[in-house]
Amino acid sequence: MPDPRDDIDNQPPRFADVDLFLTDQPLCEAVAANGAAGESDALTAFGRHWGRAAMFVRAALADSHPPRLHGEAVRFHPAYHAFMAESMAAGLHCSTWNADGSPAGAPAEVARAARFYMVAQVENGHMCPITMTRASVAALSAQPELRAELMPKIVSHAYDPAFAPWPKKSAMTLGMGMTEKQGGTDVRTNTTQAVRDGDAYRITGHKWFMSAPMSDAFLVLAQAPDGLTCFFMPRFRPDDRLNGLHFQKLKDKLGNRSNASSEVEFLDAYARRVGDEGRGIRTIIQMVQLTRLDCAISSAGLMRAALSRALHHARHRVVFQRKLADQPMMRAVLADLALDCEAAVAVVMRLCRSFDQAFSDPLERARSRMLTPAVKYWVCKTAPAFVYEAMECLGGNGYVEDHVLARLYREAPVNAIWEGSGNVMALDLLRSFKDADEAGAVLASLKDETRGLPEAESALADIGRMLKAQDAEANGRRIAGTLAILAAAAALQSTAPEIASEFARTRLRGGSRLYGTPPGNAKRLLERAAPA
Ligand SMILES: Cc1cc2nc3c(=O)[nH]c(=O)nc-3n(C[C@H](O)[C@H](O)[C@H](O)COP(=O)(O)OP(=O)(O)OC[C@H]3O[C@@H](n4cnc5c(N)ncnc54)[C@H](O)[C@@H]3O)c2cc1C
């Protein structure tokens, strides 16, 4: 349908009906380089479908009509349900698992990540239950008989929003409850109590943040007689009565507005144990590792969405008789943004390959363990400043709600905060260095892959020095950031060596981190970011 605003003098036409896959050369290359070339046709169809004008309209509707709590139920706008149905039909909540809950194997992670990255360019709120459902299977593997019961509902592609016991539904989604008032990062301070009741448990306490409260069940942490333990807590008890979850309110959030995030009290809530008592953190961390990966993929997608809009605007808007895209300083800004965007997609797709191969290759397993916190740290922390700079490329239009940049800007910080904030990622990375053999192997592989790139050798030596120093923890962010940049340069090296070199030269050397220093190969970067 034509938009009356399409004809306004010197205002760019709507950004709509875009092929989110084929117009993104760095994405196409990263997919192929990481073993999913065979998915190209399916990804093209997916990219065209998600880039339709109707999808962007629906995303704006979901964002501007946030969910509301009505008694024990949460009501969402139909647009939110439509996105859930789309993403589940595409299997984004389960495609990395076989029907029995074992990993699907290569290239399932890479193929899913490419889709997830494109969805993140359209609507972000509904991705929260999607990511938690897919990640929950990793924690459920600690309780195989429970996983076997749940898998048929988890791998179903039919979204079923009914407020009903999960065994009676055609499909289910799962959420996660760890964070309490007195401690989020430090879950050992959790006070929620679990008491045994026959084969099951009764849980009393609260969670300060629990997103996607209309999920059919949650994996929650609570103190059992033998210590902090992971539990499966469904919305309904086995006799079909409502379970003891009492939602106090929905959080009023900066962004991520189409998604609901609740405060909840548990009163004798029925639950089943997942894994042994006292091993709650070890169990749920299997899930969290995957949600952290998804945070990085989704932040890379947000960056791509912002860059696409900035390029689109600059190619249509004329200022001082010349298109913005032809003005040297604007080109420097756009190309500098494109460089980070290339690096972000390259590094997340390479990391997904490590997850794909983790079960057969010890080095890839070590890479997935060590590089996930570093990559989440760097990509998710890069996104907010990146989106802000892209917003400024649109001038005043960037700041108003008619254009999507304002929404992307509100959305960008959350991926850095939830699932472990920046410092926590750096601390997690430092912990992983305790396995000296694994850490040594990962660093050696990065050294090989970045050989000859500017600044790479000295950056690796810096990491070594910082790790040995007394104040290693104080330098945790520097170590995480440098490691992620090296991993990104290594990933780019296999797809676009000149860009890898430019990225390493500019990002590993200190200096201003404000965007706009012209990269050496600006023309090429801009062509790769979007065909003119
Ligand atoms: C929109 C939204 C939805 C959420 N949904 C869920 C959910 O569904 N389930 C769930 O369980 N949680 C959820 N959370 C909670 C989220 O995971 C936590 O807020 C986050 O992990 C940080 O925990 P905290 O808020 O308790 O902050 P704190 O633990 O108090 O941390 C505050 C700051 O201190 C830093 N810090 C912590 N320890 C150290 C240290 N040793 N050294 C240096 N710095 C440190 C952290 O990096 C952080 O920046 C959600 C949060 C948001 C914003």
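Heads up: numbering here begins at 1 and tracks the sequence. Note: hydrogens, waters and symmetry copies are ignored here, and every other heavy atom, side chains too, is used.
Interatomic distance, CH2 of Trp97 versus OG of Ser141, reported as 7.0 Å (0.5 Å rounding). Summarising the geometry, atom CG belonging to Asn124 is positioned 10.0 Å from atom CG belonging to Asn259; distances are rounded to the nearest 0.5 Å. Taking OG of Ser298 as the start and CD1 of Ile130 as the end, the distance is 12.5 Å to the nearest 0.5 Å. Distance check: Arg235 CZ to Met172 CE gives 12.0 Å after rounding to the nearest 0.5 Å. Atom CD1 of Ile297 sits about 6.5 Å away from atom CE of Met349, to the nearest 0.5 Å. The OH atom of Tyr377 lies 11.0 Å from the CG atom of Leu427; values are rounded to the nearest 0.5 Å.
Using a 4.5 Å heavy-atom threshold, the side chains of Leu219 and Phe231 count as separate. Counting only heavy atoms from C-beta outward, the side chains of Met84 and Pro161 never approach each other to under 4.5 Å.
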Item to check | Working for side-chain hydrogen bond (donor to acceptor under 3.5 Å, both in side chains), residues Asp19 and Thr23 | outcome: CA-CA 6 Å; Asp19 181 332; Thr23 57; 5.3 Å; no

Checklist entry - Between Asn190 and Thr192, does a side-chain hydrogen bond (donor to acceptor under 3.5 Å, both in side chains) hold up when you go through it step by step? => result CA-CA 6 Å; Asn190 274 195; Thr192 297; 5.9 Å; no

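Environment of CZ in Arg52: crowded, with over 12 heavy atoms of neighbouring residues, nucleotides or ligands closer than 6.0 Å. Dense packing is recorded around CZ of Phe46, with more than 12 heavy atoms of other residues, nucleotides or ligands lying under 6.0 Å away. Heavy atoms from other residues, nucleotides or ligands lying under 6.0 Å from CG of Asp199 number 12 at most. Counted within 6.0 Å of CG on Asp41, heavy atoms from surrounding residues, nucleotides or ligands total 12 or fewer; the atom is thus considered open.
A salt bridge links Arg241 and Asp239; the closest N-O separation between the charged side-chain nitrogens and carboxylate oxygens is under 4.0 Å. Ion pairing between Asp63 and Arg257 fails under the 4.0 Å rule for side-chain N and carboxylate O. A salt bridge between Asp428 and Arg431 is present, with a side-chain N of the basic residue lying under 4.0 Å from a carboxylate O of the acidic one. Salt-bridge annotation for Lys251 and Glu263: present, with a side-chain N of the basic residue lying under 4.0 Å from a carboxylate O of the acidic one. Look at Arg115 and Glu39 and you find a salt bridge, because one of the NZ, NE, NH1 or NH2 atoms lies within 4.0 Å of a carboxylate O, short of that distance. Salt-bridge check for Asp294 with Arg112: passed, with a basic side-chain N closer than 4.0 Å to an acidic carboxylate O.
Residues Ile203 and Ala271 share a closest heavy-atom pair of CD1-CB, 3.6 Å. The two residues Lys207 and Met178 have their closest heavy-atom pair at NZ-O, 3.4 Å. Of all non-hydrogen atoms in Ala139 and Val274, the two that sit nearest each other are O-CG1, 3.4 Å. Gln289 and Arg369 get closest at one heavy-atom pair: NE2-CA, 3.5 Å. Shortest non-hydrogen contact noted between Ser156 and His93 is O-NE2, 2.9 Å.
Side chains of Gln121 and Ser308: no donor on one and acceptor on the other come within 3.5 Å. Between Ser354 and Arg350, the side chains place a donor N or O and an acceptor N or O closer than 3.5 Å (distance only, hydrogens not considered). For the 3.5 Å distance criterion, the side chains of Glu180 and Thr191 qualify, holding a donor opposite an acceptor. Of the N and O atoms on the side chains of Arg134 and Thr96, at least one donor lies less than 3.5 Å from an acceptor on the other residue. For Glu86 and His49, the side-chain atoms include at least one donor-acceptor pair closer than 3.5 Å. With 3.5 Å as the limit, one finds no donor-acceptor pair spanning the side chains of Thr382 and Asp340. Looking only at atom types and distance, the side chain of Ser258 has a donor-acceptor partner in the side chain of Glu123 under 3.5 Å away.
At distances below 3.5 Å, not a single donor-acceptor pair connects side-chain atoms of Thr131 with backbone N or O atoms of Met127. No donor-acceptor pair under 3.5 Å is formed between the side chain of His403 and the backbone N or O of Leu405. Under a 3.5 Å cut-off, the side chain of Ser95 and the backbone N or O of Leu92 do not form any donor-acceptor pair. No donor-acceptor distance shorter than 3.5 angstrom exists from the side chain of Ser299 to the backbone of Ala296, with no hydrogens or angles considered.
With sequence neighbours left out, the salt bridge (Lys or Arg N to Asp or Glu O under 4.0 Å) criterion links Glu438 to no other residue.
For an aromatic pair to be called close, the ring centres must be under 6.0 Å apart, and Phe83 with Trp50 satisfies this. Note: His126 and His81 fail the aromatic proximity criterion, with ring centroids not under 6.0 Å apart. Taking the ring centroids of Phe236 and Phe163, they lie under the 6.0 Å cut-off.
Considering Asn243, Asp216, Leu174 as possible partners of Pro234, the one that fulfils the side-chain contact (heavy atoms from CB on, under 4.5 Å) test is Asn243.
For the pair Arg273 and Tyr201, the cation does not sit on the ring face, since its NZ or CZ is not both under 6.0 Å from the ring centre and inside 45° of the axis.
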